[in-house]
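Report on the structure given below.
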Amino acid sequence: MTLFLSLIGRDLAREWRSGNWWLPVSFFLLVATLYPFAVGPDATLLRRTGGGILWVAALLAALLPVERLFAPDRDAGVLDQLALRGVADEMVAAAKLIAHSIGFGIPLLLATVPGAVLLDMDGATWGRLSLGLAIGTPALAGLGVMIAAITLGQRGSSALGGLLLLPLAIPVLIFGAGMLDPLGNSATLFLAAASLLLVAMTPFAAGAALRGAREA
């Protein structure tokens with residue numbers, strides 16, 4: 001357990017020192033800033049479509065950290081050292097998932113406040129959007145960790161990661177956007193189920209991918 005917590009703390013500290021936490025947030029807010037310029041200052045239109053746009057922005061922002069989730073550890077030999085010490089790849093992937101969920105999800109949730117203001121969203125819609133992202137961002141983080149492990153060492157891994165992640169994230173996007181409807185209670189349940197499934201399978205899928213990459 002001590003090693004597991006150390007891996008999480010190391011990843012969180014490294015991401016904080018490198019400033020990588022702010023890249024997805026900057027992208028998220030940039031989309032929220034540019035969207036009114038594209039559709040015009042119609043407050044009704046912004047209010048009606050703003051939540052969906054922020055969900056798409058969150059999905060695309062999830063692509064940005066994928067390339068650097070495992071590559072720095074592979075280049076520094078950290079993954080090999082952990083394997084030599086007998087640390088299971090599933091444990092490494094689980095620690096990476098938790099650290100990435102915190103480093104990606106929490107800043108993104110905070111960014112919904114200025115994002116909602118920019119898109120003239122009311123408090124109720126912002127609340128549903130925030131709840132949906134709180135449930136959905138662990139799923140997006142899990143997909144990011146799985147795709148990063150699968151594409152580790154592949155040429156053009158960034159583009160390949162996008163091609164793999166976006167189709168798999170469609171259910172999360174559909175149910176998350178469905179939560180914006182005041183009557184979308186069933187979407188909340190489906191989103192929670194999809195998020196739980198992705199989070200549960202991520203350590204095993206990513207761990208198997210890491211072993212495959214090391215043995216290739």
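Everything quoted here is computed from the prediction, not taken from an experiment.
Scored by the salt bridge (Lys or Arg N to Asp or Glu O under 4.0 Å) test, Asp42 finds no partners at all (sequence neighbours excluded). Every residue two or more places apart in sequence or in another chain that forms a side chain to side chain donor-acceptor pair (under 3.5 Å) with Thr49 is listed here: Tyr35.
Remark: Thr202 OG1 to Ile98 CD1 distance equals 11.0 Å, nearest 0.5 Å. Distance check, rounded to the nearest 0.5 Å: CD1 of Ile106 to OG1 of Thr137 gives 8.5 Å. A distance of 9.5 Å separates CG in Leu189 from CE in Met179, rounded to the nearest 0.5 Å. Taken to the nearest 0.5 Å, the CZ atom of Arg128 stands 10.0 Å off from the OG1 atom of Thr188. With rounding to the nearest 0.5 Å, the separation of CG in Leu196 from CD1 in Ile135 is 11.0 Å. The CD atom of Gln81 sits 9.5 Å away from the CG atom of Leu79 when rounded to the nearest 0.5 Å.
Leu108 places none of its side-chain heavy atoms less than 4.5 Å from the side chain of Thr112. In this structure, Phe70 and Val145 have side chains that are in contact, with non-hydrogen atoms separated by less than 4.5 Å. At least one side-chain heavy atom of Pro24 sits less than 4.5 Å from a side-chain heavy atom of Pro65.
Linking ILVMFWY side-chain heavy atoms closer than 4.5 Å, directly or via other members, places Leu63 and Trp22 in a single hydrophobic cluster. In this structure, Leu84 is not a member of the same hydrophobic cluster as Leu152, with clusters built from ILVMFWY side-chain heavy atoms closer than 4.5 Å. At a threshold of 4.5 Å between side-chain heavy atoms, the hydrophobic network of Ile, Leu, Val, Met, Phe, Trp and Tyr places Leu23 and Leu34 in two separate groups. Val56 and Val66 fall within a single hydrophobic cluster, where Ile, Leu, Val, Met, Phe, Trp and Tyr side chains are chained together by heavy-atom contacts under 4.5 Å. The cluster map of Ile, Leu, Val, Met, Phe, Trp and Tyr, joined by side-chain heavy atoms under 4.5 Å apart, puts Val113 and Leu131 in different clusters.
Formation of a donor-acceptor pair under 3.5 Å by the Lys96 side chain with backbone atoms of Leu69 is found in this model. Checking side-chain atoms of Thr125 against main-chain N and O of Met121 turns up no donor-acceptor pair under 3.5 Å. Under a 3.5 Å cut-off, the side chain of Trp55 and the backbone N or O of Gly176 do form a donor-acceptor pair. Looking at Ser195, its side chain never comes within 3.5 Å of a backbone N or O of Leu191 through a donor-acceptor pair.
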Assess whether side chain to side chain contact (heavy atoms under 4.5 Å, CB included) is satisfied between Leu7 and Asp11, documenting all intermediate values. CA-CA 6 Å; Leu7 290 173; Asp11 280 352; 5.6 Å; no
Full working for side chain to side chain contact (heavy atoms under 4.5 Å, CB included) between Leu110 and Val25: CA-CA 9 Å; Leu110 296 176; Val25 173; over 6 Å; no
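Minimum heavy-atom separation, Ala43 to Asp120: CB-OD2, 3.3 Å. Across all their heavy atoms, Ala32 and Leu54 have their closest contact at CB-CD2, 3.8 Å. Across all their heavy atoms, Leu12 and Ala99 have their closest contact at CD2-O, 3.4 Å. The two residues Gly178 and Ala187 have their closest heavy-atom pair at C-CB, 3.7 Å. Nearest approach of Leu198 to Ala139, heavy atoms of both residues: CD1-CB, 3.7 Å. Nearest heavy-atom pair across Phe27 and Ala57 is CE2-O, 3.8 Å.
At a threshold of 4.0 Å, the pair Asp73-Arg10 counts as salt-bridged, since one of the basic side-chain nitrogens sits closer than that to a carboxylate oxygen. Electrostatic pairing of Arg47 and Asp122 does not count as a salt bridge here, judged by no charged N lying under 4.0 Å from a carboxylate O.
In Phe4, the CZ atom is crowded: over 12 heavy atoms of neighbouring residues, nucleotides or ligands sit closer than 6.0 Å.
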